[in-house]
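Worksheet: one structure, shown below.
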Amino acid sequence: MAEIKLKNIIKTFGDVNIIKNLSLDIHDGEFLVLVGGSGCGKSTTLRLIAGLETCNSGDIMIGDRKVNDLPPKDRNIAMVFQNYALYPHMSVYENIAFGLKLRKVNPTIIKKKVNEAAEMLSLTQYLHRKPKELSGGQRQRVALGRAIVRDSEVMLMDEPLSNLDAKLRTQTRTELKKLHQKLKTTTVYVTHDQTEAMTMGDRIAVMKDGVIQQLATPKVAYEYPNNLFVAGFIGSPSMNFIKVNISDIGTKTIDVTNDGLHLKLPYNPAITDISAYKGKEVLLGIRPEHIAVANEKIQEDKYKCMQSWLEVVEPSGSRTYLHVSVGKKHQLTAEVDTTSLTGVLNEGTDISLYADLNRVHLIDPQTELVILSTQRFV
């Protein structure tokens, strides 16, 4: 195992700057996820670590070795690709053993390693089969087995689950996490799926336009996003954003107002001072699961409720999604526990929603930075 250090990495393709002065420390034995939309630079970063691309400037360290000029075969890494990259004419056994045979490893050792990997990945009964005789999930496990037997310091995975159906993707996520807990290999995992990132990563690096927007544990990135992009990208359904005016700032509360909305947020200037924003417009962010249907008692507190117009009710088993409008132009989604709903919700009628004011974020619309997270005051 080994730590990975990227120092001031710049990568361009022609006139396009893909990676912009990226620095990143990946801990020994860590499962780090690079997550972001298409074209954000996450796969390019992985390929730079692997040696499949070369950086224009900066240093890449694996353990105590600078590997900028080393070919992939000398970096002691294993890589799992999106398309599995299996040899169709070889059996499962031969595919897993192929890299070891190239390195002229003793056949007895090869057999031992392949059998151990096959048992770990529940592939023992398929060792004689060709890839075309396997399901997508089984092929992915073969690709993992080929990587495991290398005993490499680093495991690199480039969207390995994207070709699987939803059910199999969930199952394989769990298998990959268990596998990492057993092997403790330093792993860098690339995905565009924020659910994968949140469920698998020890830490996640959220990327946009070749820049890491936030590097944190999934819990911290979810509860304390750095900026507008991270707040909107992490979470499904995504965070709601409303333009509000900070009409008053007291010693314990902040008043935010807009058409059909007046909320009193908890505040402590000793922790976060935003007095300079009084009278200015900001974005209020609140996640769908932090909005609920207000009962009669809660409705009496007008500073916690939002009078809304119910447009669409979207049942989804244990959860129900309410799509509403607040005021004249603000569209919100509320994710509520289905069992908490009493009576029939009629689309096209008024509804009072309760906002959990201890889970609100205020964002500067110019810098797009989060200036206040009320959970810090809980």
Side-chain angles (χ1 to χ4, degrees), residues 1-14 18-19 22-34 40-90 94-106 109-110 113-114 117 121 131 139-163 176 179-180 183-191 205 207 210:
M1 293 183 290
E3 62 181 357
I4 303 169
K5 291 182 181 290
L6 307 181
K7 299 179 181 178
N8 307 119
I9 299 297
I10 293 176
K11 175 63 180 177
T12 62
F13 290 107
I18 303 297
I19 305 296
L22 184 148
S23 293
L24 174 63
D25 288 355
I26 303 168
H27 304 149
D28 186 9
E30 181 177 27
F31 195 117
L32 180 92
V33 179
L34 300 176
C40 71
K42 56 188 186 297
S43 289
T44 300
T45 301
L46 196 77
R47 291 173 65 83
L48 288 169
I49 298 171
L52 301 176
E53 301 284 354
T54 56
C55 56
N56 296 81
S57 63
D59 292 326
I60 301 172
M61 306 287 295
I62 297 179
D64 57 0
R65 297 184 303 155
K66 180 179 174 180
V67 299
N68 291 43
D69 300 323
L70 289 181
K73 67 183 181 66
D74 295 331
R75 296 194 181 197
N76 198 15
I77 55 105
M79 191 160 182
V80 180
F81 296 93
Q82 178 180 348
N83 62 358
Y84 318 138
L86 302 179
Y87 295 102
H89 63 287
M90 293 183 181
E94 291 168 331
N95 265 285
I96 295 175
F98 184 72
L100 298 178
K101 288 182 178 179
L102 283 182
R103 291 158 58 189
K104 303 187 185 305
V105 175
N106 184 294
I109 296 176
I110 291 177
K113 284 180 173 291
V114 171
L121 296 167
R139 292 178 195 176
Q140 190 57 274
R141 294 206 299 274
V142 175
L144 283 169
R146 184 176 54 195
I148 289 169
V149 296
R150 289 178 57 92
D151 291 330
S152 57
E153 293 180 313
V154 173
M155 182 91 72
L156 306 177
M157 300 188 184
D158 190 4
E159 305 212 37
L161 309 185
S162 60
N163 290 333
L176 282 176
L179 186 62
H180 178 259
L183 299 176
K184 300 296 183 184
T185 304
T186 305
T187 301
V188 186
Y189 185 102
V190 162
T191 182
M207 296 187 68

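Note that this is a predicted model, so its numbers are computed, not measured.
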Looking at every heavy atom in both [X] and [Y], which two are closest together, and how far apart are they?
X: Leu100; Y: Ile110; result: CB-CG1, 3.8 Å
X: Leu176; Y: Met157; result: CD2-CE, 4.0 Å
X: Lys101; Y: Glu94; result: NZ-CG, 4.4 Å
X: Leu144; Y: Val80; result: CD2-CG2, 3.9 Å
X: Ile60; Y: Leu48; result: CD1-O, 3.4 Å
X: Pro72; Y: Ile77; result: O-CG1, 4.1 Å

[X] side chain vs [Y] backbone, donor-acceptor pair below 3.5 Å:
X: His180; Y: Thr185; value: yes
X: Arg141; Y: Leu121; value: yes
X: Lys11; Y: Thr54; value: yes
X: Thr191; Y: Glu159; value: no
X: Asn68; Y: Gly58; value: yes
X: Arg75; Y: Val67; value: yes
X: Arg47; Y: Glu53; value: no

Can you confirm whether [X] sits close enough to [Y] that some side-chain heavy atom of one is under 4.5 Å from a side-chain heavy atom of the other?
X: Ile148; Y: Leu183; answer: yes
X: Leu34; Y: Val188; answer: yes
X: Met207; Y: Thr45; answer: yes
X: Asp28; Y: Lys184; answer: no
X: Ile62; Y: Val154; answer: yes
X: Val142; Y: Pro131; answer: no
X: Glu3; Y: His27; answer: no

(message) Applying side-chain contact (heavy atoms from CB on, under 4.5 Å) to Thr187 and Leu32, what does each step give before you reach the verdict?
(response) CA-CA 6 Å; Thr187 301; Leu32 180 92; over 6 Å; no
Inter-residue atom distance [X].[atom1] - [Y].[atom2], 0.5 Å rounding:
X: Ile9; Y: Asp59; atom1: CD1; atom2: CG; result: 6.5 Å
X: Ile10; Y: Cys55; atom1: CD1; atom2: SG; result: 9.0 Å
X: Lys7; Y: Lys66; atom1: NZ; atom2: NZ; result: 9.5 Å
X: Leu6; Y: Ser23; atom1: CG; atom2: OG; result: 8.0 Å
X: Ile19; Y: Thr44; atom1: CD1; atom2: OG1; result: 5.5 Å
X: Phe81; Y: Leu156; atom1: CZ; atom2: CG; result: 9.0 Å

(request) Start with the C-alpha gap between Lys113 and Ile96, add the side-chain angles, then the distance that decides, and say whether side-chain contact (heavy atoms from CB on, under 4.5 Å) holds. (result) CA-CA 9 Å; Lys113 284 180 173 291; Ile96 295 175; over 6 Å; no
(request) Determine, stepwise, if the pair Glu153 / Arg65 fulfils side-chain contact (heavy atoms from CB on, under 4.5 Å). (result) CA-CA 12 Å; Glu153 293 180 313; Arg65 297 184 303 155; 4.1 Å; yes
(message) Tell me whether the rings of Tyr87 and Phe98 are parallel (<30°), tilted (30 to 60°) or perpendicular (>60°).
(response)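 Tyr87 vs Phe98 ring planes: tilted.
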(request) Name all residues meeting the side chain to side chain donor-acceptor pair (under 3.5 Å) criterion together with Ser43; count only those two or more places apart in sequence or in a different chain, and write none if there are none. (result)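 Residues passing side chain to side chain donor-acceptor pair (under 3.5 Å) with Ser43: Asp158.
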(message) Is it true that Thr12 and Asn56 share a donor-acceptor pair across their side chains at a distance under 3.5 Å?
(response)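 Yes, a side-chain donor-acceptor pair sits under 3.5 Å.
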